[in-house]
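This report refers to the structure that appears directly beneath it.
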Amino acid sequence: MSTAKYKRVLIKISGEALAGGKGSGLDFEVLSRLSGVIKKCVDIGVQVGIVVGGGNIWRGVKDGAGKIDRARSDHMGMLGTAINALALADVLEQHDLDVRVQTAIEMSAFAEPYIRLKAISHLNKGRVVVFGCGTGSPYMSTDTAAVLRAVEINAEIILFAKNIDGVYDSDPAKNPEAKRYDRITFDEILEKHLGVMDSTAASMANDNNMPMLVFGVKTPETILEAIKGEKVGTLVVSSR
Ligand code: UDP
């Protein structure tokens with residue numbers, strides 16, 4: 001019998017998280033641990049969609065500013081997310097999961113195009129769906145894509161895997177006194193300019209009443225704990 005609190009979740013994994021300690025590229029140890037946990041989630045009956053970031057490969061603004069056009073640089077960033085989606089799909093399959101990659105930009109030789117009802121149908125069949133290419137539009141982030149896909153597929157919560165284990169009032173790497181929140185609203189994140197996610201993602205999640213749990217990917221087992229309803233990381237909720 002399922003011990004899960006949620007029936008359908010959307011996991012957001014940043015590219016940086018997929019790079020592990022290396023900062024860029026892919027850390028297959030991280031991918032493997034993550035996949036092992038996702039397998040356990042699926043085995044207890046949870047439907048899992050995943051939005052992957054691409055910052056381990058290319059960030060539109062950070063890497064391209066002043067060198068190439070912003071929109072083109074963002075196109076490159078979206079291609080980075082597709083690379084991550086394919087890598088993660090493969091490692092998930094190595095963990096005996098049935099996986100489909102759907103991309104917001106068509107690349108039909110190796111991924112399905114994003115089709116909402118098809119994604120939902122895959123989830124209902126117990127398949128993991130990995131969403132690549134973010135929203136498919138430049139000037140957006142994969143955080144926003146995560147909120148968009150979560151709302152579209154009627155996920156109950158976004159599990160936001162970061163390189164940091166929750167939302168802090170200041171950067172714990174710089175301030176040893178930094179305090180971690182157990183719970184915070186999207187409005188507070190926006191008001192206090194906490195850099196945990198971009199403002200488009202925060203306001204979209206707020207407007208659509210989509211809760212988000214921010215936790216550290218270094219302990220991917222947290223995903224399972226969160227799914228079982230245990231108190232981990234920081235819960236971000238709408239103030240509506
Ligand atoms: N990107 C984009 N539109 C989207 C999602 C992503 O243009 O809907 C581009 C953007 O250039 C971004 C890059 O892809 O910098 C990688 O995504 P993101 O920075 O969100 O990845 P993460 O920080 O989660 O690894």
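Just follow the structure's listing: the first ligand is 1, and inside any ligand the first atom is 1.
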For [X], the ligand 1 atoms whose distance to one of its heavy atoms is below 4.0 Å:
| X | answer |
| --- | --- |
| Pro138 | 7 (O) |
| Thr135 | 4 (C), 8 (O) |
| Ser137 | 2 (C), 3 (N), 4 (C), 7 (O), 8 (O) |
| Ser14 | 24 (O), 25 (O) |
| Gly53 | 21 (O), 22 (P), 24 (O), 25 (O) |

Going by heavy atoms, is Lys12 under 4.0 Å from ligand 1? yes
Judged by non-hydrogen atoms, does Gly80 sit under 4.0 Å from ligand 1? no
For [atom], what is the nearest protein heavy atom, given as residue, atom name and distance?
| atom | result |
| --- | --- |
| atom 7 (O) of ligand 1 | Asp74 CB, 3.1 Å |
| atom 15 (O) of ligand 1 | Gly60 N, 3.0 Å |
| atom 14 (O) of ligand 1 | Gly77 C, 3.1 Å |
| atom 20 (O) of ligand 1 | Thr142 OG1, 2.5 Å |
| atom 2 (C) of ligand 1 | Met140 O, 3.1 Å |
| atom 21 (O) of ligand 1 | Gly54 N, 3.0 Å |
| atom 23 (O) of ligand 1 | Arg59 NH2, 3.3 Å |

Does some side-chain heavy atom of [Y] sit less than 4.5 Å from a side-chain heavy atom of [X]?
| X | Y | result |
| --- | --- | --- |
| Ile44 | Val46 | yes |
| Met107 | Leu79 | yes |
| Leu86 | Asn84 | no |

Step-by-step salt bridge (charged side-chain N to carboxylate O under 4.0 Å, His left out) determination, Lys39 to Asp96: CA-CA 8 Å; Lys39 166 78 173 144; Asp96 295 325; 5.5 Å; no
With Arg149 as the cation and Tyr114 as the aromatic partner, state whether NZ or CZ is under 6.0 Å from the six-membered ring centre and within 45° of the axis.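 Satisfied, under 6.0 Å and within 45°.
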Using ring centroids (six-membered ring only for Trp), state whether Phe215 and Phe160 fall under 6.0 Å.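 They do not qualify: ring centres at least 6.0 Å apart.
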For ligand 1, which part of Ala145 has a heavy atom less than 4.0 Å away: the side chain, the backbone, both, or neither?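 No part of Ala145 comes within reach of ligand 1.
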Partner of Ile158 by side chain to side chain contact (heavy atoms under 4.5 Å, CB included), out of Val147, Val51, Val9: Val147
Would you please test Glu225 and Lys228 for salt bridge (charged side-chain N to carboxylate O under 4.0 Å, His left out) and show each step? CA-CA 5 Å; Glu225 291 164 22; Lys228 289 179 175 170; over 6 Å; no
Return yes if some donor-acceptor pair links the side-chain N/O of Thr144 with the main-chain N/O of Met140 below 3.5 Å, else return no.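 Between the backbone of Met140 and the side chain of Thr144 there is no qualifying donor-acceptor contact (under 3.5 Å).
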Do Lys192 and Asp169 meet the salt-bridge criterion of a basic N to acidic O distance under 4.0 Å? no
With nothing but distance in play, are any N or O atoms of Trp58 less than 3.5 Å from an N or O of ligand 1? no
